[in-house]
2 protein chains.
Amino acid sequence: MRYCKIPDEAVRRLPIYLRGLLFLSEQSKKSISSQSLADFLGINSWLIRKDFSYFGDFGTPGVGYNIEKLIKHIKKILKLHVGHKVALVGTGNLGRAVLAYPGFRIYGFDVAAAFDSDPKKNGRKINNVVVENISKLGRLKKGKIDLGIIAVPGDAAQEIADALVKAGIKGILNFSPYRIIVPKKIKVITIDIAMDLARLPYYMRSN
Amino acid sequence: MRYCKIPDEAVRRLPIYLRGLLFLSEQSKKSISSQSLADFLGINSWLIRKDFSYFGDFGTPGVGYNIEKLIKHIKKILKLHVGHKVALVGTGNLGRAVLAYPGFRIYGFDVAAAFDSDPKKNGRKINNVVVENISKLGRLKKGKIDLGIIAVPGDAAQEIADALVKAGIKGILNFSPYRIIVPKKIKVITIDIAMDLARLPYYMRSN
DNA sequence: CGGTTTTTGAGAATGTGAGCACTAATTTTA
DNA sequence: TAAAATTAGTGCTCACATTCTCAAAAACCG
Ligand SMILES: NC(=O)c1ccc[n+]([C@@H]2O[C@H](COP(=O)([O-])OP(=O)(O)OC[C@H]3O[C@@H](n4cnc5c(N)ncnc54)[C@H](O)[C@@H]3O)[C@@H](O)[C@H]2O)c1
Ligand SMILES: NC(=O)c1ccc[n+]([C@@H]2O[C@H](COP(=O)([O-])OP(=O)(O)OC[C@H]3O[C@@H](n4cnc5c(N)ncnc54)[C@H](O)[C@@H]3O)[C@@H](O)[C@H]2O)c1
């Protein structure tokens with residue numbers, strides 16, 4: 001199974017594993033069995049073993065997986081072994097929450113630039129990042145920023161996406177509920193909070 | 001295929017359809033073909049037809065689907081035909097963004113209560129909702145609130161989840177990156193923004 | 001009113017992932 | 001050193017989801 005293409009669903013789980021392993025690493029644990037990790041994360045042990053086996057032999061039978069080795073490898077697969085700079089567009093309520101959130105750092109992300117069209121917001125400093133005018137977005141190219149977060153109203157999302165692509169961004173995290181169209185080589189992940197909330201009642205038991 | 005169980009993946013798409021249909025309805029459109037809807041939403045037409053066919057015959061060959069009828073039916077399936085009141089716990093950056101967001105209303109949600117443990121935040125009014133002390137969470141039962149949103153730091157998420165369940169909540173939207181354990185009949189949907197961002201670099205083309 | 005176009009709905013084929021069971025490898029223990 | 005215990009790795013099966021194809025149904029048009 002080695003050297004296979006990693007299934008999308010497994011890729012989706014890798015950040016979960018990574019967060020758990022980083023936590024264990026901080027506690028100075030050296031290795032862990034798939035069963036213990038399974039109990040810790042609430043994921044079946046065989047699924048963990050299968051996922052890990054997609055990218056090579058890392059476990060030692062009778063012992064488990066070397067945590068540091070695994071962290072390094074998962075980071076490499078997710079391309080998180082190098083840090084990434086992120087540009088945020090839209091410093092409204094959600095955008096400010098993103099700017100203030102320290103939790104992106106464990107994955108090596110640095111929200112290094114922020115833009116807004118509202119002149120009243122330009123110049124404000126949030127978490128050491130100065131909010132620039134949206135017209136400055138083109139200058140991104142020099143900054144080694146390769147990811148963008150869209151937190152503007154839906155009807156502005158497409159034009160911002162176009163601008164980000166033009167500025168050389170390789171991936172976009174989109175919070176707006178609008179579909180955005182980009183060149184095939186650019187990956188877009190959309191988080192639509194209202195939509196996720198909307199499928200919650202479906203699963204409610206009425207009892 | 002009528003009266004079949006609807007696959008989870010189809011349920012995940014229903015809110016997308018619903019949003020699109022509500023938009024078209026506002027434009028006074030009466031009916032739409034699966035192909036036009038497909039172009040509009042960026043989803044394949046046969047997938048739309050298959051999803052709709054899970055819950056009955058609604059289309060008219062040669063014409064398409066009646067928009068109002070479809071909206072009503074999708075709402076019923078998602079149990080959105082009755083409005084839902086939502087309790088928010090944690091009025092930090094993300095919580096405040098949720099409170100201020102008007103977009104939940106199209107799905108019939110009303111964020112009707114907010115709680116925080118920080119006394120400095122208690123009593124503040126955000127978007128017509130007064131932030132109450134977390135100790136008041138138990139009183140929820142009288143308020144017909146059936147959904148909860150967790151926007152507290154990860155290490156407090158489990159205790160809040162327990163409190164929400166005790167207060168009679170039927171479903172939880174969890175923004176914290178921690179796993180929370182609840183009785184089987186309670187549905188939890190977790191949105192982990194950092195994790196979604198973390199799998200973006202994987203898809204980056206290095207060209 | 002009959003032929004043509006549009007469009008649905010369902011079944012078949014294909015692809016993908018989850019779940020399970022078993023094998024093999026390594027360590028621990030007697 | 002040999003047996004037992006632990007644990008990783010992988011092949012197999014089943015369920016589910018996507019994709020494709022096509023016949024039947026309805027509307028439209030001349
Ligand atoms: N806040 C939530 O809970 C929530 C939930 C679901 C979806 N969303 C979506 O997330 C996005 C942001 O939400 P929000 O609550 O932060 O909205 P918001 O109105 O608070 O902020 C939007 C920000 O974008 C800026 N902006 C508008 N047009 C712009 C443009 N063309 N270029 C640059 N900046 C521009 C505005 O000045 C404002 O600062 C929206 O698309 C919203 O639909 C938010
Ligand atoms: N902001 C983001 O962009 C972002 C991204 C990913 C994940 N998250 C997660 O979302 C959650 C909230 O994030 P945030 O940025 O709003 O954090 P925040 O620190 O701004 O807000 C947390 C709020 O919870 C309150 N709180 C703490 N303990 C509590 C308790 N026991 N009961 C009630 N209230 C309590 C605090 O008083 C504070 O108001 C966190 O779990 C965070 O990890 C946030």
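Each chain gets a letter, A, B and so on, in the order its sequence line appears, and its residues count up from 1. All heavy atoms count here, side chains included; hydrogens, waters and symmetry mates do not.
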Sugar-phosphate, base or nothing in reach of Phe52(B), heavy atoms under 4.0 Å: nothing
Taking atom NZ of Lys79(A) as the centre, does the number of heavy atoms from other residues, nucleotides or ligands within less than 6.0 Å exceed 12? yes
If you only use heavy atoms from C-beta on, which nucleotide in dT27(C), dT7(C), dA21(C) is closest to the side chain of Val63(A)? dT27(C)
Reported CE-to-CD1 distance for the pair Met195(B) and Ile189(A), which is rounded to 0.5 angstrom: 10.0 Å
Nearest whole angstrom, please: distance from the P of dG17(C) to the CZ of Arg12(A). 11 Å
Of the candidate nucleotides dA17(D), dA26(D), dT10(D), which contains the atom at the shortest distance from the side chain of Glu9(B)? dA17(D)
Which nucleotide wins on minimum distance to the side chain of Tyr65(B), given the candidates dA21(C), dG9(C), dT26(C)? dG9(C)
In this structure, how many angstroms lie between the P atom of dG9(C) and the CZ atom of Phe55(B), rounded? 10 Å
How are the rings of Tyr17(B) and Phe52(B) set to each other: parallel, tilted or perpendicular (split at 30° and 60°)? perpendicular
Considering just the side-chain nitrogens and oxygens of Ser34(B), establish if one lies under 4.0 Å of OP1 or OP2 belonging to dT8(C). yes
Whole-Å distance between dA17(D) P and Leu14(B) CG? 12 Å
Calculate the interatomic distance between Arg49(B) atom CZ and dA24(D) atom P; express it in whole Å. 17 Å
For Phe23(A), does the CZ atom sit with more than 12 other heavy atoms under 6.0 Å from it, leaving out its own atoms? no
For Gln35(B) and dT21(D), what is the distance between atoms CD and P respectively, to the nearest whole Å? 15 Å
State which of dT7(D), dA21(C), dA17(D) makes the closest approach to the side chain of Pro7(B). dA17(D)
Shortest side-chain distance from Asp8(B), nucleotide among dA25(D), dA8(D), dA17(D): dA17(D)
N/O (side chain, Tyr54(B)) to phosphate O (OP1/OP2, dT18(D)) under 4.0 Å: no
Between Ser176(A) and Asn174(A), is any side-chain donor less than 3.5 angstrom from a side-chain acceptor? yes
Can you confirm whether the side chains of Asp116(A) and Thr91(A) place a donor and an acceptor under 3.5 Å from each other? yes
Position toward the 5' end of DNA chain C (nearest nucleotide), Thr60(A) or Trp46(A): Trp46(A)
Please evaluate the base of dG19(C) for a donor-acceptor partner in the side chain of Lys50(A) within a cut-off of under 3.5 Å? yes
Please state how far atom CG in Leu37(B) lies from atom P in dG9(C), giving the value in whole angstrom units. 13 Å
Taking atom P of dG9(D) as reference, at what distance in whole Å does atom CG of Leu47(A) sit? 14 Å
Expressed in angstrom and rounded to an integer, what is the separation of Asp51(B) atom CG from dT19(D) atom P? 11 Å
Look at Asn44(B) and dT19(D) and indicate whether a side-chain polar atom (N or O) is within less than 4.0 Å of OP1 or OP2. yes
Select base, sugar-phosphate, or nothing to describe what Arg13(A) touches, counting heavy atoms under 4.0 Å on all strands. sugar-phosphate
For Gly62(A), which contact category applies under a 4.0 Å heavy-atom criterion: base, sugar-phosphate, or nothing? base
